[in-house]
Structure formats: C-alpha cells, structure tokens
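Reviewing the structure listed below.
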Amino acid sequence: MPHQVLGETVRVAIHAPAPLVRAGLAGFVALDPRLRELPQDRIREADAIVVAVDVADASALDLLHRLCDKPGARFLVVVGKKWRADLTAARKRGVRAVVWWDFCSPDVFARSVRAVAGSQESSSSPRLAPGGQPRNAERADHHAAASRGRAVPGLDSREVDVLRLIAEGKQCDEIAIELCYSERTVRYILYGAMKRLRTRNRAHAVSYAIRAGLI
C-alpha cells in the first residue's frame with residue numbers, strides 16, 4: 001500500500017543551509033493547502049523530507065542519514081549544481097525524487113513532494129522530477145529548451161515506468177506483465193506520454209525523456 005493516502009495532508013520537513021533557499025521551499029509548502037511544514041525537531045514524523053544541497057555526493061547522502069535515520073524515511077533532494085552520488089546508494093538512503101533548483105517551481109515541488117510521500121517501497125529507483133535527471137548534460141538540455149521559450153513537460157509515474165521499460169528494450173506485452181496492466185492500458189499510457197511530450201513515436205518519446213531527464 002502507498003505510504004500516503006491520496007487526499008491526506010502531506011507533512012513536510014525542510015533542511016536547507018542557505019536561508020533564502022529554505023525560505024523559498026517553505027513558501028512552496030505554504031502555497032499548497034495539501035502540504036504542511038513540520039518543525040525540524042519533528043522531522044521523524046514527516047511523510048516527505050526535503051533536503052536542498054548544491055552538490056549531491058556521498059557526503060550529502062550521509063547527511064540524509066544524520067538528519068533522519070528512521071527506517072522508511074523518504075527524501076526529496078533539491079540539487080543546486082551537480083549530481084555526483086550513486087543512484088543505487090541514493091535509493092538506499094531513502095531518496096525517492098530529485099529535482100534541480102532551477103526548475104523547482106511551486107507546481108513541480110508540490111507534485112514531487114506528494115509523489116515522495118506516496119511512493120511505494122517496491123520502486124526500483126528515485127523518481128526524477130522535471131529537470132531532475134542527475135546528469136549535467138540533461139540539465140543543459142533543459143536550459144536550452146528554456147532559452148527557446150519551450151516548457152519542459154513532466155510525466156506521471158505510470159508514464160515514467162512505461163518509458164523506462166521501453167528504454168530497457170521491453171515490448172508492450174512484457175511491460176503489461178511487469179506492471180500488472182493490460183497491454184491495452186500500456187499502449188494508452190504510452191500514447192499519453194507521446195502526446196504530452198509532443199513526440200512522433202515511442203523511440204522519439206524515449207529519446208526525449210532521457211535527454212530531458214524525465215526517466
């Protein structure tokens with residue numbers, strides 16, 4: 001079962017050394033009535049813990065453990081500059097989503113926090129919000145898109161799962177079995193992702209999603 005029930009208020013704890021960054025993240029929480037910020041001394045009660053770092057590396061992952069060593073703690077990491085941490089290690093530390101600060105709008109933030117709070121333990125890797133793929137090359141693609149005035153769309157969790165599995169070379173019938181959907185549902189999700197990304201075919205959609213850091 002999901003950790004957070006749909007419709008419930010999500011309790012959010014924030015850790016950000018830079019006062020302006022922390023104020024910005026707290027402001028994002030205040031803008032969404034479905035989110036409620038907890039004080040630092042109640043961090044273990046949080047459904048999602050937001051941690052802002054300039055560089056996400058091994059020391060940043062150690063910081064997560066120091067902040068909250070509770071089993072099952074769920075983190076959204078907001079990255080300012082670079083991602084250098086191993087994704088598997090990040091997952092083990094409780095990272096469920098990553099988003100670049102440059103693209104952390106109130107909407108992206110709120111959706112990412114709710115996704116973290118509702119993530120399931122069986123997920124295989126952190127959810128990567130728009131701009132969240134931890135590779136500098138993909139971040140540059142976002143800057144290029146932004147400079148052309150083109151918004152970088154997001155994907156919902158089902159679309160991410162389907163495109164990720166297609167990127168791994170799996171066919172729709174195999175994806176249906178793995179995700180416990182009907183093949184028709186998989187094709188419907190794939191069509192929705194292609195439409196959202198405004199891509200011509202599944203290969204184009206996967207390529208775009210990888211470059212944009214959506215999967």
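It should be emphasised that the depicted structure is a prediction, and the values quoted were computed from it without experimental measurement.
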Verify side chain to side chain contact (heavy atoms under 4.5 Å, CB included) between Arg158 and Tyr181, making sure each step is shown before the conclusion. CA-CA 10 Å; Arg158 298 196 310 170; Tyr181 297 147; 3.3 Å; yes
Asp32 vs Val29, side chain to side chain contact (heavy atoms under 4.5 Å, CB included): CA-CA, chis, key distance, verdict: CA-CA 6 Å; Asp32 195 314; Val29 172; over 6 Å; no
Report the C-alpha distance between Arg36 and Glu8 in whole Å, list the side-chain angles of each, state the deciding distance to 0.1 Å, and finish with yes or no for salt bridge (Lys or Arg N to Asp or Glu O under 4.0 Å). CA-CA 10 Å; Arg36 177 167 63 90; Glu8 288 185 356; over 6 Å; no
Is there a side chain to side chain contact (heavy atoms under 4.5 Å, CB included) between Ile166 and Leu190 once you walk through the steps? CA-CA 10 Å; Ile166 289 175; Leu190 176 58; 3.6 Å; yes
Phe28 vs Ile14, test: side chain to side chain contact (heavy atoms under 4.5 Å, CB included). Steps then yes/no. CA-CA 11 Å; Phe28 290 165; Ile14 299 172; over 6 Å; no
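Rounded to the nearest 0.5 angstrom, Arg184 CZ and Ile189 CD1 are separated by 12.5 Å. Arg66 contributes atom CZ, which lies 8.5 Å from atom NE2 of His15 (distance to the nearest 0.5 angstrom). One distance of note links NZ of Lys92 with CG of Asp86; it measures 8.5 Å at 0.5 Å rounding. Note: Cys172 SG to Arg187 CZ = 4.0 Å, rounded to the nearest 0.5 Å. From Ser112, atom OG reaches atom CG of Asp107 across 8.5 Å, with rounding to the nearest 0.5 Å. Atom CG of Asp47 sits about 4.0 Å away from atom CZ of Arg11, to the nearest 0.5 Å.
Under the 4.5 Å side-chain heavy-atom criterion for grouping Ile, Leu, Val, Met, Phe, Trp and Tyr, Leu38 is not connected to Val10 through any hydrophobic cluster.
When all heavy atoms of Leu163 and Ala193 are compared, the pair lying nearest together is CD1-CB, 4.0 Å. Smallest separation of non-hydrogen atoms from Val116 and Ala48: CG1-CB, 3.9 Å. Taking every heavy atom of both residues into account, Ala56 and Ala60 meet most closely at CA-CB, 4.0 Å. Considering every non-hydrogen atom in both Glu37 and Ala26, the closest pair reads OE1-CB, 3.5 Å. Closest approach of Leu61 to Ala90, counting heavy atoms only: CD1-N, 3.8 Å.
No side-chain heavy atom of Val78 sits less than 4.5 Å from a side-chain heavy atom of Val53. With a 4.5 Å cut-off on side-chain heavy atoms, Leu76 and Val51 do not count as touching. Annotation: side chain of Val21 is in contact with side chain of Trp101 (closest heavy-atom distance under 4.5 Å). The shortest distance between side-chain heavy atoms of Glu178 and Leu165 falls below 4.5 Å. Two residues are said to be in side-chain contact when any heavy atoms from C-beta on lie closer than 4.5 Å; Val113 and Val50 meet this criterion. Residues Phe109 and Leu35 have side chains in contact (heavy-atom distance under 4.5 Å, counting atoms from C-beta outward). Between Asp62 and Arg93, the closest side-chain pair of non-hydrogen atoms falls below 4.5 Å.
Between Asp54 and Lys82 there is no salt bridge, since no side-chain nitrogen of the basic residue lies less than 4.0 Å from a carboxylate oxygen of the acidic one. The pair Asp161-Arg164 counts as a salt bridge, with a side-chain nitrogen and a carboxylate oxygen less than 4.0 angstrom apart. Salt bridge annotation for Asp156-Arg111: absent, with no cationic side-chain nitrogen under 4.0 angstrom from a carboxylate oxygen. Look at Glu45 and Lys70 and you find no salt bridge, because none of the NZ, NE, NH1 or NH2 atoms lies under 4.0 Å from a carboxylate O.
Under the 3.5 Å distance criterion, the side-chain polar atoms of Arg96 are matched with a main-chain donor or acceptor of Arg91.
Counted by atom type alone, Ser59 and Asp57 present one or more donor-acceptor pairs between their side chains at under 3.5 Å.
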